[in-house]
Amino acid sequence: MFNKKILYCSLSLILGGSLFVIHDAIINHLTEIEFKFYHHVFFGSPWLVLIFIYLYFTGNIKTYLGSSNYSILILRGFLFLPLPYMLFISLQNITLPEWTTLNMISPILGSILAILFLGEKINYFTTTAIFLGFIGVIFIIQPGFQYFSFYYLLPIYGAFTLALQSFLANKYSNITTTLGFFVYGLVPINLVSVVLFIFDPLINYQLFFISLFAGFIVLIGVYLVTYAFQNSKNHFSSIFALFYLQILWSLLIGIIFFSEYLNFVALIGAVLIVSSGILSLQAQKKQLKDL
């Protein structure tokens, strides 16, 4: 039987990953016009401001944002700081499939961190799920990688910081609430974006509403993913394997809304990713039995 908390973590990561797919699709469109990352973050920042306003008037700032270790929260926030810039500049210089493939090494890195620093027992199902998921990603998006580009290093850094941020939320899960991890992780990039926006403002109501919508989506996604990793004690690596499923959501969106159908190789990749998700659930069951 599944532990209910682990089941909720799995569902949160799956839903959060699907919201990331929608957000990244919007970003891929925005990179085609004169639109910088700080414009996007600034236009989406009202959601974070509303959270502070709500907590202030309900008297819950200390309850939800208090912490026993602010240094970890500050570190996570600064790890996230360069990622929006890297996302924008990467998609301007390499293809989306290449960016996605390189970013998908994060579950592998997460498993290494779980073994080295969390003392997590990695079973056969976990390693197989991560391996099949990564191979499935390559089969589906079939990246070119025809020549080395410096910009390949940016999504690799992004994958490393995602794994490290998730590891910190899991390792130090008791230092604050999920909302605390969420807010402190986003404050630095929002403050920097406000400053940059002042020096390079952009007044465009259409882009404002697009970014506001995308910002809402990604904030919900970040919160759900943070919750999943914060509360997945002893299941960090098997939960992380579910991260691959966001590629499957990307495929479904392409089929439903853009009539983009799979070739045979991509179809094999989709099967591998679904198998990876099933195996990750089996890995969680085995970890529960071994506790």
Side-chain angles (χ1 to χ4, degrees), residues 16 19-20 23-24 26-56 61 64-65 67 69-94 99 103 106 150-151 153-169 172 175-205 207-223 225-226 229:
L19 294 177
F20 284 167
H23 174 264
D24 287 351
I26 296 173
I27 294 299
N28 193 40
H29 167 69
L30 293 177
T31 57
E32 298 175 0
I33 58 180
E34 290 298 321
F35 193 69
K36 303 295 191 299
F37 79 92
Y38 48 86
H39 296 140
H40 173 60
V41 175
F42 179 82
F43 286 155
S45 61
W47 299 117
L48 195 61
V49 174
L50 286 175
I51 292 175
F52 277 107
I53 292 174
Y54 172 78
L55 292 178
Y56 175 78
I61 286 183
Y64 288 100
L65 302 185
S67 175
N69 191 337
Y70 288 98
S71 60
I72 295 297
L73 300 176
I74 293 172
L75 173 60
R76 288 185 76 253
F78 277 93
L79 285 172
F80 181 77
L81 187 58
L83 294 188
Y85 169 74
M86 290 184 173
L87 174 61
F88 267 71
I89 195 171
S90 294
L91 292 178
Q92 289 172 343
N93 293 276
I94 62 177
W99 185 90
N103 193 51
S106 52
F150 164 79
Y151 296 101
L153 300 177
L154 301 185
I156 292 176
Y157 173 83
F160 173 75
T161 54
L162 173 61
L164 185 55
Q165 284 180 308
S166 304
F167 161 77
L168 291 173
Y172 300 98
I175 65 174
T176 190
T177 63
T178 300
L179 187 61
F181 274 111
F182 168 76
V183 169
Y184 287 111
L186 295 176
V187 164
I189 184 58
N190 277 269
L191 291 177
V192 169
S193 295
V194 168
V195 174
L196 294 175
F197 188 91
I198 292 173
F199 286 98
D200 182 25
L202 176 67
I203 308 301
N204 186 311
Y205 291 108
L207 292 178
F208 169 75
F209 285 112
I210 292 174
S211 280
L212 196 64
F213 173 69
F216 177 76
I217 287 174
V218 77
L219 287 182
I220 298 299
V222 169
Y223 182 86
V225 170
T226 302
F229 286 122

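Predicted model only: the values in this text are computed from it and were never measured.
- No donor-acceptor pair under 3.5 Å is formed between the side chain of Ser90 and the backbone N or O of Leu87.
- Aromatic pair Phe197/Tyr38: centroids not less than 6.0 angstrom apart.
- Side-chain atoms of His40 never come within 3.5 Å of backbone atoms of Ile210 as a donor-acceptor pair (strictly under, hydrogens ignored).
- In terms of heavy atoms, Lys36 sits closest to Asp200 at CG-OD2, 4.3 Å.
- Other residues, nucleotides and ligands contribute only 12 or fewer heavy atoms inside 6.0 Å of the OH atom of Tyr64.
- Atom-to-atom distance recorded for Thr226:OG1 and Leu186:CG is 8.0 Å, nearest 0.5 angstrom.
- Not counting sequence neighbours, Phe181 has no partner by the ring-ring contact (aromatic ring centres under 6.0 Å, His included) test.
- Heavy atoms from other residues, nucleotides or ligands lying under 6.0 Å from OH of Tyr70 number more than 12.
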Which atom pairs, donor and acceptor, lie under 3.5 Å between side-chain atoms of residues 213-223 and protein residues at least two apart or in another chain?
none

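- The CZ atom of Phe88 lies 9.5 Å from the NE2 atom of His39; values are rounded to the nearest 0.5 Å.
- Under the 3.5 Å distance criterion, with hydrogens and angles disregarded, no donor-acceptor pair is assigned to the side chains of Asn69 and Ser67.
- At least one donor-acceptor pair under 3.5 Å links the side chain of Thr161 to the backbone N or O of Gly158.
- For the atom pair CG (Leu73) and OH (Tyr184), the distance works out to 6.5 Å, reported to the nearest 0.5 Å.
- Exactly one residue among Ile74, Leu162, Leu164 makes a side chain to side chain contact (heavy atoms under 4.5 Å, CB included) with Leu79. That residue is Leu164.
- The backbone N or O of Gln165 sits less than 3.5 Å from a side-chain atom of Arg76, completing a donor-acceptor pair.
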Quick one, Leu55 with Leu179, criterion side-chain contact (heavy atoms from CB on, under 4.5 Å). Give me CA distance, side-chain angles, the key distance, then yes/no.
CA-CA 11 Å; Leu55 292 178; Leu179 187 61; 3.9 Å; yes
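- Every residue two or more places apart in sequence or in another chain that forms a side chain to side chain contact (heavy atoms under 4.5 Å, CB included) with Tyr172 is listed here: Ile72, Leu168, Ile175.
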Intermediate values then yes/no, ring-ring contact (aromatic ring centres under 6.0 Å, His included), Tyr85 and Phe37
CA-CA 6 Å; Tyr85 169 74; Phe37 79 92; 5.6 Å; yes
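- Just one residue in the list Asn190, Leu191, Ile189 forms a side chain to side chain contact (heavy atoms under 4.5 Å, CB included) with Ser193, and that residue is Ile189.
- With a 4.5 Å cut-off on side-chain heavy atoms, Leu50 and Trp47 count as touching.
- The two residues Ala159 and Ser106 make their nearest non-hydrogen contact at O-CB, 3.4 Å.
- Phe52 CZ: more than 12 foreign heavy atoms inside a 6.0 Å radius.
- Nearest heavy atoms, Gly185 versus Phe80: O-CD2, 3.6 Å.
- A distance of 12.0 Å separates CG in Leu212 from CG in Leu207, rounded to the nearest 0.5 Å.
- Interatomic distance, CZ of Phe167 versus CZ of Phe229, reported as 13.0 Å (0.5 Å rounding).
- Interatomic distance, Phe208 CZ to Tyr205 OH, rounded to the nearest 0.5 Å: 9.0 Å.
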